[in-house]
Amino acid sequence: MEIAKSLQQIPSSYIREILAAASDKNVISLAGGLPDEKTFPIDLMKPMLESLSDMTEVFQYGATAGYGPLLESLGDYYQLPESHIAMICTGSQQGLDLIARAYIDPNDTVVMEAPSYLGAMQVFGLVQANIVTVPQTECGPDLDALEVVFFEQSPKMFYAVPDFHNPTGVCWSLETRQRVAELCIKYNVALIEDAPYRELRFSGDAIPLTSDFCPDHSIVLRSFSKIASPGLRMGAVTGKRAYLEPLIKVKQGADLHSSVPMQALLLGLLQHDNFELHIDKIRALYKTRYQKLFAELQRQLPETCELKAVDGGMFVWLSLPECDTFALAKTLLANGVAVVPSPVFYPAHDKAKAALRLNFTNATPDELEEAVKRLAKVLQEQVVHFPFSETMHS
């Protein structure tokens, strides 16, 4: 049986493939966006886990939108306006898939930053969207380019990760968020704000969501994978009721509802007295990991590489002299370190600037130091042909 044409056009996930190769115990992986297993709040979840055996109602079919007590709690947790609702999905990735299937017809235009999240490109590719990209700056999307695209192409939606962007780690400035919201309202473009890393800020003050400035023109994707556990497969989508009701209809046909016992478990975790302390511990751990990786990169890599500081999230973006980054990643893997090359994050690989995405959350400080040592050695041999410097441009 021939597979659908839309699927034939979607390449297999390079990140999935490299993570499989990186399972070798001799490889240090900076490739995946994996949280550290030591951060999983098993102790905080134990009381609810033990209570589930007495909650027979959560083992019955449930409402498609989600477990009522959890939805009510999230409404308060996110301070949703009265006109807005939440729905639970099997990871925020499903929420993105539901949005695409509910709203995108073949050749509808979707705008993204370049580079952008690989999983979003795959989702929009499956519904045969016309993906148009705008460049990214240190403060977020190039606003002039964004307005030109909005004006000339009348896109249906703009997908973005404003907080600690995957893959670059960029966090949009307040001014950028306000301007993007203005443009979405002016040109009637729906903002799809993906916020999986928002709670992982370890430096600086929190900035309002971009959707706070255009609440009736936006849908927000929330994830619990980074602050609870990826294995729970719990995410949430929030937005005005008129935007979310079509998603609920699509989800009904997809899986009826997400796991109700897992929703009850998540509610117990969110209501635990020590949950905020748990989040603080994750931030502190990831800050030390980030500082270690950043310091080693500054110390060991040449001036021809460019590194930008980040204030949170899970990734740093290492810009390189022009080279074949796929070949470089393959060589690095053979030398015991796994990374993700930049073309993976562009709809058109030939438009990508040479860079590597490096994850710092799932390796120990010693592993991070050794990984940079291996990275530096390969770069010196294959990419950069002059001596190392004690400092790096940033």
Side-chain angles (χ1 to χ4, degrees), residues 1 3-7 10 48 52 55-78 80-108 110 117 119-129 156-157 159 190-196 211 215-225 228-270:
M1 183 166 61
I3 63 173
K5 290 183 173 60
S6 60
L7 184 57
I10 306 300
M48 181 56 76
L52 285 176
M55 300 171 63
T56 55
E57 71 278 7
V58 304
F59 293 92
Q60 184 56 276
Y61 284 115
T64 300
Y67 180 51
L70 176 59
L71 293 177
E72 183 177 349
S73 177
L74 291 178
D76 295 333
Y77 189 69
Y78 295 133
L80 299 180
E82 288 188 9
S83 60
H84 285 217
I85 61 172
M87 66 173 290
I88 302 301
C89 44
T90 306
S92 62
Q93 184 72 20
Q94 187 193 41
L96 184 57
D97 178 60
L98 296 176
I99 290 169
R101 288 201 278 161
Y103 287 105
I104 301 298
D105 289 318
N107 298 315
D108 278 349
V110 173
Y117 171 48
M121 291 190 293
Q122 290 177 318
V123 164
F124 293 130
L126 281 169
V127 294
Q128 302 178 65
K156 185 166 278 187
M157 60 182 63
Y159 169 85
L191 171 68
I192 310 303
E193 182 165 18
D194 202 350
S211 52
D216 290 334
H217 286 76
S218 56
I219 298 175
V220 183
L221 295 160
R222 326 262 189 165
S223 173
F224 301 102
S225 294
S229 155
L232 293 179
R233 301 313 303 134
M234 287 287 106
V237 184
T238 62
K240 65 182 182 181
R241 184 178 298 274
Y243 271 2
L244 263 61
E245 285 178 344
L247 307 188
I248 296 171
K249 185 183 296 184
V250 176
K251 183 171 172 62
Q252 174 73 32
D255 64 0
L256 300 184
H257 60 79
S258 297
S259 169
V260 186
M262 290 299 97
Q263 293 183 62
L265 181 61
L266 176 62
L267 176 61
L269 173 62
L270 296 177

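The model shown is predicted, which means the values in this text are computed figures rather than measured ones.
With sequence neighbours left out, Tyr78 forms a side chain to side chain contact (heavy atoms under 4.5 Å, CB included) with Leu74, Leu80, Arg222, Phe224, Thr238.
Using a 4.5 Å heavy-atom threshold, the side chains of Tyr243 and Ile99 count as separate. No side-chain heavy atom of Leu98 sits less than 4.5 Å from a side-chain heavy atom of Val237. At a threshold of 4.5 Å between non-hydrogen side-chain atoms, the residues Ile192 and Val110 do not count as touching. Put simply, the side chain of Gln94 reaches to within 4.5 Å of the side chain of Asp255, judged on heavy atoms. Residues Leu191 and His217 are not in side-chain contact: their nearest non-hydrogen atoms beyond the backbone lie 4.5 Å or more apart.
Judged by distance alone, the side chains of Gln252 and Thr64 do bring a donor and an acceptor atom under 3.5 Å apart.
What you find for Leu221 and Ser92 is that their closest heavy atoms are CD2-O, 3.8 Å. Closest of all the heavy-atom pairs between Val260 and Gly62 is CG2-CA, 4.1 Å. In plain terms, the two heavy atoms of Ser225 and Ser223 that are nearest each other are N-OG, 3.1 Å. Residue Ala102 comes nearest to Val250 through the heavy atom pair CB-CG2, 3.9 Å, listed as atom of the first residue, atom of the second, then distance. Among all heavy-atom pairs drawn from Leu265 and Met48, the shortest one is CA-CG, 3.6 Å. In terms of heavy atoms, Val123 sits closest to Ala100 at CG1-CB, 3.5 Å.
In this structure, Thr90 contributes its side chain and Ser258 its backbone to no donor-acceptor pair below 3.5 Å. Side chain of Gln263 to main chain of Gly66: no donor-acceptor pair is present (N/O by atom type, distance under 3.5 Å, no hydrogens or angles). No donor-acceptor pair under 3.5 Å is formed between the side chain of Tyr103 and the backbone N or O of Pro246.
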Take Asp108 and Met157 through the test side chain to side chain contact (heavy atoms under 4.5 Å, CB included) and record every step on the way to the result. CA-CA 9 Å; Asp108 278 349; Met157 60 182 63; over 6 Å; no
Using the rule given for side chain to side chain contact (heavy atoms under 4.5 Å, CB included), can you reason through Ile248 versus Lys251, listing the C-alpha separation, both sets of side-chain angles and the distance that settles it, and then say yes or no? CA-CA 5 Å; Ile248 296 171; Lys251 183 171 172 62; 5.7 Å; no
Yes or no on side chain to side chain contact (heavy atoms under 4.5 Å, CB included) for His84 and Ile219, after CA distance, side-chain angles and deciding distance? CA-CA 10 Å; His84 285 217; Ile219 298 175; over 6 Å; no
Could you go through Tyr67 and Ile88, starting from their C-alpha distance and side-chain angles, then the distance that decides it, and tell me whether this counts as side chain to side chain contact (heavy atoms under 4.5 Å, CB included)? CA-CA 8 Å; Tyr67 180 51; Ile88 302 301; 6.0 Å; no
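Here the straight-line distance linking atom CZ of Arg233 with atom CG of Leu266 works out to 12.5 Å at 0.5 Å rounding. With rounding to the nearest 0.5 Å, the separation of CG in Leu71 from OH in Tyr77 is 15.5 Å. Atom NZ of residue Lys249 and atom CG of residue Leu247 lie 11.0 Å apart, to the nearest 0.5 angstrom.
Annotation for Glu82: atom CD does not count as buried by contact number, only 12 or fewer foreign heavy atoms lying within 6.0 Å.
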